[in-house]
There are 2 protein chains.
Amino acid sequence: MSSRSTATGSAADADRLAPAVHSAAQTRILTAARELFAEHGVSGTSLQMIADSVGVTKAAVYHQFKTKEAIVVALVDMELGQLQLALDAAQEGRGGPDELVALMTQVIDLAVSRRRMVRTLLYDPVIVRLLAEHRPYQVFMRRLFGALLGGATDPKARVRAAMVASAIGGVVTHPLVAALDDSTLRAELIDLAQRLM
Amino acid sequence: MSSRSTATGSAADADRLAPAVHSAAQTRILTAARELFAEHGVSGTSLQMIADSVGVTKAAVYHQFKTKEAIVVALVDMELGQLQLALDAAQEGRGGPDELVALMTQVIDLAVSRRRMVRTLLYDPVIVRLLAEHRPYQVFMRRLFGALLGGATDPKARVRAAMVASAIGGVVTHPLVAALDDSTLRAELIDLAQRLM
DNA sequence: GTCTATAGAATGATAGAC
DNA sequence: GTCTATCATTCTATAGAC
């Protein structure tokens with residue numbers, strides 16, 4: 001029926017990231033914005049650039065999204081929504097070390113397939129602030145980190161979890177592996193991640 | 001006398017990052033800019049913000065640095081200059097696995113002590129483009145990656161090197177370890193990095 | 001080394017027509 | 001859903017006085 005909300009993991013329904021539906025025009029804008037944000041960052045991307053990339057005027061963009069921040073929020077919702085599904089899938093068969101391995105694999109799959117957006121999502125100052133200030137994002141990030149930490153909160157566990165998380169996020173954005181194709185990168189990452197745990 | 005320029009390592013003198021000398025006024029501006037760039041990113045920081053932070057007008061800032069990019073370049077020079085010294089020190093006693101361990105330790109020290117700037121340096125789109133387009137930076141990054149790869153260029157080595165590099169860079173900026181003090185963080189990082197190699 | 005004042009372009013955002 | 005036209009604000013950058 002509804003989602004579980006136990007002490008160990010998933011959030012209550014009210015705190016879940018709601019999957020938003022977008023019109024065709026909105027989708028065109030979001031697709032262009034994703035590409036531009038990935039290349040220039042959020043602050044480095046103007047509404048004029050987005051409008052030009054879509055092939056419409058600024059006014060048309062503002063008709064679809066009230067503010068620039070609304071575009072950022074819609075994009076973050078989409079990306080984190082994917083991550084939420086991955087986390088759900090990993091926690092499906094609950095408990096044990098299997099959960100962590102499953103989570104790792106899911107996250108690696110996602111990170112590799114969305115390489116271009118990962119850096120922006122993890123490190124762009126505008127998005128970092130957004131994630132820190134909006135309740136639903138806070139709740140989700142806590143759940144994700146919780147799964148990564150597996151209950152522990154000591155320095156050793158924190159550094160290890162931070163390392164696994166940023167190693168995955170960092171590798172897929174690293175110039176050294178820019179030329180590698182997705183499947184090679186994914187295979188190597190899974191191999192190395194398991195050695196880290 | 002002058003620096004070595006063998007096949008394996010250091011760059012010729014002409015390609016080394018030259019240590020610039022700055023006036024007191026310039027240093028005040030660079031210090032303020034470093035803090036603001038770290039928090040808002042380069043694109044998210046205006047010259048007005050820098051001027052306000054220093055306590056002068058924009059015109060005074062422009063008197064010290066001809067353009068905003070000149071400020072970015074000066075900052076990147078300073079930070080990479082530190083890294084260059086660390087790389088020099090690590091390659092002092094040449095060869096063997098010792099070099100890699102020494103490099104790791106040096107880089108971790110630097111990354112931990114400059115936590116706030118690391119994210120900007122590694123991931124800010126403006127700086128990423130700067131590093132990719134300016135010759136001296138390209139040369140230095142190649143040298144650094146070369147030391148990290150230890151000669152190998154296969155996918156496995158690339159992913160491993162990218163992982164070590166981004167694990168260090170990523171961990172020190174990660175919210176999970178924000179509360180840890182420098183020495184704890186450094187110790188845990190060195191421990192984990194060695195297990196990665 | 002810093003100021004006032006300003007130029008000229010670009011920014012985010014809105015009103016109203018089609 | 002998109003357009004033209006416009007607003008107020010901010011942006012980088014410069015000229016010239018002190």
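Keep in mind that what you see is a predicted model, and the values were worked out from it rather than measured. Residue numbers start from 1 in every chain, and the chains themselves are labelled A, B, ... in the order their sequence lines are given, proteins ahead of strands.
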### Message
Without decimals, in angstroms, what is the distance between A:His40 NE2 and C:dA10 C1'?
### Response
15 Å
### Value in whole Å for how far the P atom of D:dA15 lies from NE2 of B:His63
14 Å
#### Entry: Given D:dG1, C:dG12, C:dT2, the nucleotide with the shortest approach to the side chain of A:Lys68
C:dG12
### Message
Without decimals, in angstroms, what is the distance between B:Ile71 CD1 and D:dC11 P?
### Response
14 Å
### Task
Hey, which sits more toward the 5' end of DNA chain C by its nearest nucleotide, B:Ile29 or A:Val42?
B:Ile29
### Task
For ring-ring contact (aromatic ring centres under 6.0 Å, His included), just list the numbers for B:His174 and A:Phe145, CA-CA rounded to whole Å, side-chain angles, deciding distance to a tenth of an Å, and then say yes or no.
CA-CA 11 Å; B:His174 206 284; A:Phe145 289 158; 5.2 Å; yes
#### Entry: Charged N-O contact under 4.0 Å between B:Asp88 and B:Arg16
yes
### Query
When the distance from NZ of A:Lys66 to P of C:dT14 is rounded to whole Å, what number comes out?
8 Å
### Message
Taking only side-chain N and O atoms of A:Ser46, does any of them lie within less than 4.0 angstrom of OP1 or OP2 on C:dT11?
### Response
yes
### Query
Starting at the 5' end of DNA chain C and moving along, which residue's nearest nucleotide shows up first, A:Ala59 or A:Thr45?
A:Thr45
### Query
If you measure from the Lys or Arg side-chain nitrogens to the Asp or Glu carboxylate oxygens, is any gap between A:Asp124 and B:Arg119 under 4.0 Å?
no
### Message
Tell me the interatomic distance from A:Arg28, atom CZ, to D:dT2, atom C1', rounded to whole angstroms.
### Response
10 Å
### Message
Distance check needed: C:dA10 P versus A:Asp52 CG, whole Å only.
### Response
11 Å
### Message
For a quick test of reading the model: is some side-chain N or O of A:Thr57 closer than 4.0 Å to OP1 or OP2 of D:dC3?
### Response
yes
#### Entry: Separation of atom NZ in A:Lys58 from atom P in D:dA8, rounded to whole Å
15 Å
### Query
What is the distance from atom CZ of B:Arg28 to atom CD of B:Gln26, rounded to the nearest 0.5 Å?
10.5 Å
### Task
Using whole Å, report how far CD of A:Gln64 lies from P of C:dA13.
15 Å
### Query
Does the side chain of B:Gln48 get closer than 4.0 angstrom to OP1 or OP2 of D:dC11 through an N or O atom?
no
### Query
Does OP1 or OP2 of D:dA13 have a side-chain N or O of B:Tyr62 closer than 4.0 Å?
yes
### Query
Thinking salt bridges, do A:Arg158 and B:Glu188 make one under a 4.0 Å N-O criterion?
no
